[in-house]
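To keep things clear, I will list the structure first and then write my remarks on it.
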Amino acid sequence: MQFVIDPSIAVKIDKMKARNRWRDPLITERQIDQTRLVLDDGKADNPEFSFLVIGDSGSGPHQGHNPQRQIAEMLLKERDDCRFVLHTGDVIYLVGSSEYYPQNFIEPYREFLVGGNAPERLNYKNLTFNFPFLPVPGNHDYYDVPLLLGLAAQTTLPVRYLFGSRFDFDIGWHGSEQGKAYARAFLDYLKIYDDGELGRHLDRHYTASGSDRRCLRYRPGQFTRLPNRYYTFRSGGIDFFGLDSNTFNGPTPLPQTGAGDAHRAKLEARRADIAQQRRQLMEQMAKAEKGEKGAGGEDLDDLRTKLEQLEEVQLDLDKQLTADESSVTDIEQLDWLRQRLIESWDEGVRGRVIFLHHPPYVTEATKWHQAQTIAVRRRLRRVLDAVADEVGRRAGNRPLVDLILTGHAHCLEHLRTGDTGHADSNLDVVICGGSGYSLRRQRQEGPDLMETLSGPEDGSNRLVASSKLFIGRSGSGAQKRRPYSFLRIDVEDGNPPRFIVRPFIAERFERKWHNQALEPFTV
């Protein structure tokens, strides 16, 4: 049985537009920018400031250990002199369901929420943060559940009977409802208002000035909704761009003949192999449940992790096999990013940070070769190439973007691009996707990413990026290490600014927690 369904890109776009009443006449007549917010946190907008980064966190307690809560407790020790938290997506595993917001989000982050001293009373639809919490959606925040699996998960047949009471997939009756749960939890869900209520709401909360238009005023402790699934804000002279990469990660269609047919055959064979591995793994999980009680909790977590990895590989293969000329790419969002980056250079901003879920470069074993990774890389390249054409000499020798922050790969990694032949050369990419869910290993092929060139040099390879730091799962058996992570980033004054990246680790080793701060690095 398929465990998750990934809605089409067209469905994701249309559903989200309806939820925030995208370009409703009541919004356009007020000249409101639905993609910008202003942090109204009562703090001086100093050029030197710090912020926190987490990602791929949304797990609950499994077999007595809760990585997400460990990270949350470490975050609390750092937040007093930081300005906000960025979340790089996958807020709720496994399928973004509203049923799991109490356990997998509200409870772990209760100190960040108004009323968090009684988290059991909080409703995910009415959350207010006492400290700025700024997420972007991950793929799991959009997933849905096949009807039969939802029924099985609740009636205990056959899934819970197969895996037993100690095994929890974090699957309930339904999934995210095409991202609805994420939208209700974090976005300004304007769909719930009639026209009269909407007008009053806009006049109350969209009172900040962003460029030449009104925009949302984000006020910790009072109103902490986001204006859209992708958005921008400014802090200390740095422009931040939060993207929804789930709508521009679709693979390009396969050629219909020749090499395309051969590649399709390979993908179909790979998919059949994955299906066989999943069946074998489920049998292994059933056997593990019959072992000595209390003697294999983390081993069961490992098996669950492997099954989730196989499911993700299968989804990526499905995307490649079903892509055709009618497949949608979120051109509107990419055009928005291009224009806002150009405007950012025009306005004399001293730095630019992009944060999104899917990484364009990564060496984590399950993500580096995925079609979605390549698709995001190519589409961001096109945007940056277009920005470079427009900005020209204003950028000088500086990269167009100072830092790219992502999740999706379940690790902490710092990569530096080389000469890619495009405007994404010499960029720093930092992946923060190990803040609570299963961790992954680095690929066996090593830290250097090669890319096959097209055009006159067709077939030759170029080194496009190298991994400078990788922190993920390592070891085996009793010596297995699980270093969960988050980042503190200190921004220094100056133009261009310096970013001091400080990794923090909560490592699960020999069934105990070992917390530490690693040596910082500069980008």
Side-chain angles (χ1 to χ4, degrees), residues 2-9 12 55-56 88-90 93-94 136-143 243-254 260 263-264 266-275 277-278 305-323 327-330 356-381 404 406-413 415 417 420 424 429 431-434 437-452 464-465 467 470 472-473:
Q2 184 176 350
F3 281 88
V4 298
I5 297 172
D6 190 9
S8 71
I9 288 175
K12 294 172 185 174
D56 296 82
T88 60
D90 283 354
Y93 282 98
L94 183 65
V136 289
N139 51 305
H140 287 263
D141 299 314
Y142 272 115
Y143 283 166
L243 306 181
D244 182 1
S245 55
N246 299 279
T247 57
F248 59 84
N249 67 338
T252 55
L254 296 172
H263 188 51
R264 179 177 294 277
K266 289 182 180 179
L267 293 176
E268 290 173 343
R270 174 67 172 149
R271 192 185 188 286
D273 180 58
I274 293 296
Q277 290 183 49
R278 290 176 66 240
T305 294
K306 290 179 182 179
L307 187 59
E308 188 268 335
Q309 291 175 11
L310 291 174
E311 185 78 16
E312 192 168 276
V313 172
Q314 180 176 316
L315 283 173
D316 189 70
L317 292 169
D318 288 343
K319 285 176 180 287
Q320 295 180 68
L321 289 167
T322 59
S327 299
V328 173
T329 296
D330 193 355
L356 69 163
H357 186 59
H358 296 83
Y361 297 93
V362 61
T363 66
E364 187 250 86
T366 66
K367 301 295 193 300
W368 72 274
H369 62 307
Q370 281 193 1
Q372 296 172 75
T373 301
I374 305 303
V376 168
R377 182 189 306 172
R378 289 174 177 170
R379 285 164 188 146
L380 286 180
R381 271 183 182 171
I404 295 178
T406 82
H408 194 49
H410 295 190
C411 62
L412 189 153
E413 183 169 21
L415 301 104
T417 65
T420 67
D424 64 345
V429 179
I431 299 166
C432 186
Y437 199 60
S438 61
L439 298 177
R440 312 278 170 83
R441 302 175 187 270
Q442 190 171 32
R443 65 178 198 159
Q444 295 180 351
E445 292 83 350
D448 292 337
L449 289 173
M450 307 296 293
E451 188 172 83
T452 302
V464 292
S467 178
F470 186 95
R473 181 183 297 195

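Only a predicted model underlies this, so the values are computations on that prediction, with no experimental measurement involved. Because only heavy atoms are used, hydrogens play no part in the values below, and waters and symmetry mates are left out as well, while side chains stay in.
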Exercise. Would you please name every residue forming a side chain to side chain contact (heavy atoms under 4.5 Å, CB included) with P251, sequence neighbours left out?
Key: K319, Q320, A371
Self-check item: Non-hydrogen side-chain atoms of T363 and D448 separated by less than 4.5 Å
Solution: no
Quiz item: Does a salt bridge link E451 with R381, judged by any charged N lying under 4.0 Å from a carboxylate O?
Solution: yes
Quiz item: Do we see a donor-acceptor contact under 3.5 Å between the side chains of D424 and T420?
Solution: yes
Self-check item: Listed partners of T322 passing side chain to side chain contact (heavy atoms under 4.5 Å, CB included), at least two apart
Solution: none
Quiz item: Got a salt bridge between K12 and D6, using NZ or NE/NH1/NH2 to carboxylate O under 4.0 Å?
Solution: yes
Self-check item: Test side chain to side chain contact (heavy atoms under 4.5 Å, CB included) applied to T366 - qualifying residues, sequence neighbours left out
Solution: Q309, E364, R440
Practice problem: Could you tell me which residues satisfy ring-ring contact (aromatic ring centres under 6.0 Å, His included) with Y143, sequence neighbours excluded, listed by chain and number? | Solution: H140
Quiz item: For H357, what residues pass the ring-ring contact (aromatic ring centres under 6.0 Å, His included) criterion, not counting sequence neighbours?
Solution: H408
Self-check item: Residues in side chain to side chain contact (heavy atoms under 4.5 Å, CB included) contact with E445, at least two apart in sequence or another chain
Solution: W368, R443
Self-check item: Exercise: do Y142 and N139 side chains pair donor with acceptor under 3.5 Å
Solution: no
Quiz item: Quick one: does Q314's side chain get under 4.5 Å of D318's, heavy atoms only?
Solution: yes
Quiz item: S467 versus Q442: any side-chain heavy-atom pair under 4.5 Å?
Solution: yes
Exercise. Could you give me the CA-CA distance, side-chain angles and deciding distance for I404 and L356, then say whether side-chain contact (heavy atoms from CB on, under 4.5 Å) is met?
Key: CA-CA 8 Å; I404 295 178; L356 69 163; 3.8 Å; yes
